[in-house]
Trainee: 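Here you go, one structure.
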Amino acid sequence: MNLETSVRKFPMRKPKGHAPMVQRYSSELEESVRDVRVAVFGKQSASGRAKDFIELAHAVLDGEHRPAHFDFARFTDPEGYINTFVVAYWLAPDTFSHWRSGFDQWWASHDATVLDYGLWFETFSVPTPYRETIAFKEYIRGLSACPYSKIKPMDESAYWGAARDRFAASAYDTLGPTENMSLEPVPDRQTFGQNLRVTRFPKNLCMIRSGVSWEACGNEQLQSYRKNLAPKLDAGMDFLRKNPTETGCASLRQVTYLDETGSEAAEAYSMGFFLSFKDLEDWAEHHPTHLAIYTRALAERAKYQEDLELRTYHEIYVLNEAAEFLYLNCQPKTGLLPYFQIVHV
């Protein structure tokens with residue numbers, strides 16, 4: 001879709017004559033792919049090998065209705081629990097529906113009252129106008145790594161409002177909250193030994209997966225990343241985790257990417273849920289913690305330009321009612337559990 005010639009109710013924010021100093025790319029799926037289904041499935045425990053979870057995930061995902069693409073990651077949450085998880089992408093709704101029926105039976109076979117670990121499952125379906133991606137063509141992850149995804153150059157990058165401009169829906173949708181809602185944690189929520197579903201989350205809930213790889217960095221650029229950029233990234237993510245009411249960030253996971261053996265790769269990403277894209281955009285554009293990240297990243301691009309070795313990407317989704325959040329025997333601050341209403345499954 002040509003973002004500049006589409007019929008628009010709201011104008012693009014791209015400055016006239018803008019050309020980014022480093023060429024970036026966006027993924028475009030074939031026209032036959034109308035809706036993408038994303039599922040995030042994780043296991044939470046006090047200990048455990050990543051390889052064990054990867055074997056479990058393959059058993060759950062493999063088969064005739066397996067996803068088009070999936071990958072693994074791991075993090076330790078602020079409460080000290082180790083979370084290993086998979087992010088999976090289906091490009092055909094019927095394929096996902098068939099897989100989901102078997103998964104639901106598997107999920108229901110667990111008794112939350114006797115488990116010594118937790119399971120969480122977050123999934124959503126997103127039509128084309130309500131998702132956007134940015135990547136380097138040499139480094140594709142997530143949705144961009146799916147079959148039938150074409151990586152195309154674009155100029156909507158390196159200016160304020162670029163991410164908004166990459167949403168086709170931004171031509172006619174503000175991508176803001178649909179109702180007045182703030183993130184006030186529910187005190188003393190009991191979640192251990194429970195099989196729970198989160199309900200009454202906002203319609204325009206926004207999810208971002210934003211990653212960085214230093215695998216291709218030589219010593220000079222690797223040291224620059226570790227000294228100048230990584231600490232700013234950590235500070236920004238820590239601020240989001242600790243200030244949900246101010247930022248509208250309901251969940252922020254800072255994770256390490258895993259290969260198929262369960263070993264850590266030279267890359268990481270953050271996965272966050274915000275009340276709306278507008279909340280994410282406001283933090284990115286105005287808060288000192290993100291301005292520090294953005295300024296440093298631009299400085300690296302300006303210094304190295306086409307010789308830049310650090311690779312980054314993100315994908316952002318604006319969700320609708322076709323989203324589900326399930327938590328089985330999880331600690332109370334897992335995912336969206338601290339907020340909104342919950343029902344017992």
Side-chain angles (χ1 to χ4, degrees), residues 1 3 23-42 57 61 65-73 85-97 99-100 121-154 156-157 162-170 175 204-213 251-253 255-260 265 267-274 277 280-281 284 311-320 322-325:
M1 177 179 291
L3 296 177
Q23 182 63 63
R24 301 299 301 274
Y25 296 77
S26 187
S27 62
E28 184 176 291
L29 296 173
E30 292 184 358
E31 288 189 8
S32 60
V33 181
R34 299 289 181 173
D35 290 88
V36 170
R37 170 62 69 166
V38 183
V40 189
F41 164 54
L61 293 171
H65 305 294
R66 63 184 286 123
H69 174 75
F70 56 89
D71 53 46
F72 299 97
F85 66 97
V86 60
V87 186
Y89 302 80
W90 282 263
L91 305 183
D94 289 347
T95 304
F96 174 79
S97 296
W99 173 84
R100 179 68 191 273
F121 181 69
E122 300 165 347
T123 183
F124 50 87
S125 176
V126 183
T128 300
Y130 286 90
R131 61 177 185 261
E132 68 89 6
T133 63
I134 186 171
F136 285 87
K137 64 180 178 180
E138 308 88 353
Y139 173 58
I140 54 174
R141 288 290 183 263
L143 181 63
S144 298
C146 286
Y148 315 116
S149 179
K150 301 174 183 178
I151 306 300
K152 294 188 174 183
M154 52 84 177
E156 288 76 30
S157 70
R164 174 177 289 274
D165 284 351
R166 291 192 296 269
F167 279 101
S170 68
L175 306 178
N204 275 11
L205 195 70
C206 173
M207 183 270 211
I208 180 171
R209 172 178 172 173
S210 179
V212 58
S213 169
S251 173
L252 196 288
R253 298 160 176 150
V255 313
T256 301
Y257 190 89
L258 302 178
D259 65 21
E260 280 283 340
E267 58 184 280
Y269 67 87
S270 295
M271 177 178 287
F273 286 95
F274 288 75
F277 174 73
L280 169 59
E281 185 180 49
R311 293 290 179 258
T312 59
Y313 75 94
H314 79 228
E315 56 193 53
I316 304 179
Y317 305 89
V318 174
L319 313 188
N320 53 28
E324 293 180 86
F325 303 91

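Here the structure is a predicted model, which means the values were calculated and not measured.
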Trainee: Minimum heavy-atom separation for Met154 and Thr133, please, with both atom names.
Mentor: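 In terms of heavy atoms, the two residues are closest at CE-O, 4.4 Å.
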Trainee: Decide whether a cation-pi geometry holds between Arg141 and Tyr269; the criteria are a distance under 6.0 Å from NZ or CZ to the six-membered ring centre and an angle within 45° of the ring axis.
Mentor: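 Relative to the ring axis of Tyr269, which defines the angle, Arg141 lies outside at least one limit.
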Trainee: Would Phe96 and Asp35 count as a side chain to side chain contact (heavy atoms under 4.5 Å, CB included) if you check the C-alpha gap in whole Å, the side-chain angles of each, and the deciding distance to 0.1 Å?
Mentor: CA-CA 11 Å; Phe96 174 79; Asp35 290 88; over 6 Å; no
Trainee: Tell me whether Ser251 contacts the main-chain N or O of Gly272 through its side chain, where contact means a donor paired with an acceptor under 3.5 Å.
Mentor: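 Here the side-chain-to-backbone pair does not exist.
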Trainee: Using 0.5 Å steps for rounding, measure from the CD1 atom of Ile134 to the CD1 atom of Ile316.
Mentor: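 That separation rounds to 9.5 Å.
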Trainee: If only atom types and distance count, is the side chain of Glu281 paired as donor or acceptor with the main-chain N or O of Arg164 below 3.5 Å?
Mentor: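 No, the answer is negative, given that no donor and acceptor are paired below the 3.5 Å cut-off.
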Trainee: Supply the atom-to-atom distance Ser149 OG to Glu28 CD, rounded to the nearest 0.5 angstrom.
Mentor: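 So the OG of Ser149 and the CD of Glu28 are separated by 9.0 Å.
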Trainee: Between Arg37 and Phe124, is NZ or CZ placed under 6.0 angstrom from the six-membered ring centre and within 45° of the ring axis?
Mentor: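 Cation-pi check for Arg37 and Phe124: fails.
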Trainee: Using 0.5 Å steps for rounding, measure from the OH atom of Tyr313 to the CD atom of Glu267.
Mentor: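 The distance works out to 7.0 Å.
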Trainee: What's the separation between atom OH in Tyr130 and atom CG in Asn320, rounded to the nearest 0.5 Å?
Mentor: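 One finds 9.0 Å between OH of Tyr130 and CG of Asn320.
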Trainee: Minimum heavy-atom separation for Thr128 and Val33, please, with both atom names.
Mentor: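 Nearest pair, atom of Thr128 first, then Val33: OG1-O, 3.7 Å.
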Trainee: Cut-off 3.5 Å, side chains only: do Tyr317 and Arg209 have a donor facing an acceptor?
Mentor: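 Not at all, the side chains of Tyr317 and Arg209 share no donor-acceptor pair under 3.5 Å.
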Trainee: Quick one: does Leu319's side chain get under 4.5 Å of Val126's, heavy atoms only?
Mentor: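 Yes, side chains in contact.
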Trainee: Name all pairs fulfilling the salt bridge (Lys or Arg N to Asp or Glu O under 4.0 Å) condition that reach into residues 124-136, sequence neighbours left out, sorted by first residue then second.
Mentor: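 Qualifying pairs, neighbours excluded: Glu132-Arg166.
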Trainee: How many angstroms lie between OG in Ser210 and NE2 in His314, if you round to the nearest 0.5 Å?
Mentor: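 NE2 of His314 is found 6.5 Å from OG of Ser210.
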Trainee: If you count heavy atoms of other groups shown closer than 6.0 angstrom to CD of Glu31, is the number above 12?
Mentor: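 Not buried by this count: 12 neighbours or fewer within 6.0 Å.
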Trainee: Would Cys146 and Leu91 satisfy side chain to side chain contact (heavy atoms under 4.5 Å, CB included), going step by step from the backbone distance to the final call?
Mentor: CA-CA 8 Å; Cys146 286; Leu91 305 183; 4.1 Å; yes
Trainee: To the nearest 0.5 Å, what is the distance between CZ on Phe273 and CZ on Arg253?
Mentor: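 It comes to 6.5 Å.
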Trainee: What I'd like to find out is whether the side chain of Leu29 reaches to under 4.5 Å of the side chain of Leu143, using heavy atoms alone.
Mentor: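 Heavy-atom side-chain distance check passes, below 4.5 Å.
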Trainee: Measure the shortest side-chain to side-chain distance between Tyr25 and Ile140 over non-hydrogen atoms and say whether it is less than 4.5 angstrom.
Mentor: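 In short, these two side chains do not touch, never coming nearer than 4.5 Å.
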Trainee: Determine, step by step, whether Thr123 and Arg100 satisfy the side chain to side chain contact (heavy atoms under 4.5 Å, CB included) criterion, reporting the C-alpha distance in whole Å, the side-chain angles of both residues, the deciding distance to 0.1 Å, and the verdict.
Mentor: CA-CA 11 Å; Thr123 183; Arg100 179 68 191 273; 4.0 Å; yes
Trainee: Can you find a heavy atom in the side chain of Arg24 that is under 4.5 Å from one in the side chain of Phe136?
Mentor: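 Yes, side chains in contact.
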Trainee: How are the rings of Phe70 and Phe72 set to each other: parallel, tilted or perpendicular (split at 30° and 60°)?
Mentor: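 Answer is perpendicular, since the angle exceeds 60°.
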Trainee: Looking only at non-hydrogen atoms, find the nearest pair between Trp90 and Ala39 and report the distance.
Mentor: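 That would be CZ3-CB, 3.6 Å.
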Trainee: I need the minimum non-hydrogen distance between Phe167 and Ala163, along with the two atoms involved.
Mentor: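 Between these two residues, the closest heavy atoms are CD1-O, 3.4 Å.
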Trainee: If you apply the rule side chain to side chain contact (heavy atoms under 4.5 Å, CB included), what do you find for Leu61 with Phe41, and how did you get there?
Mentor: CA-CA 10 Å; Leu61 293 171; Phe41 164 54; 5.9 Å; no
Trainee: Please find the pair of heavy atoms, one from Met271 and one from Phe85, that lie closest to each other, and give the distance.
Mentor: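 The answer is CE-CE1, 4.3 Å.
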Trainee: How close do Leu205 and Phe274 get, heavy atom to heavy atom, and via which atoms?
Mentor: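 Shortest heavy-atom contact: CD1-O, 3.1 Å.
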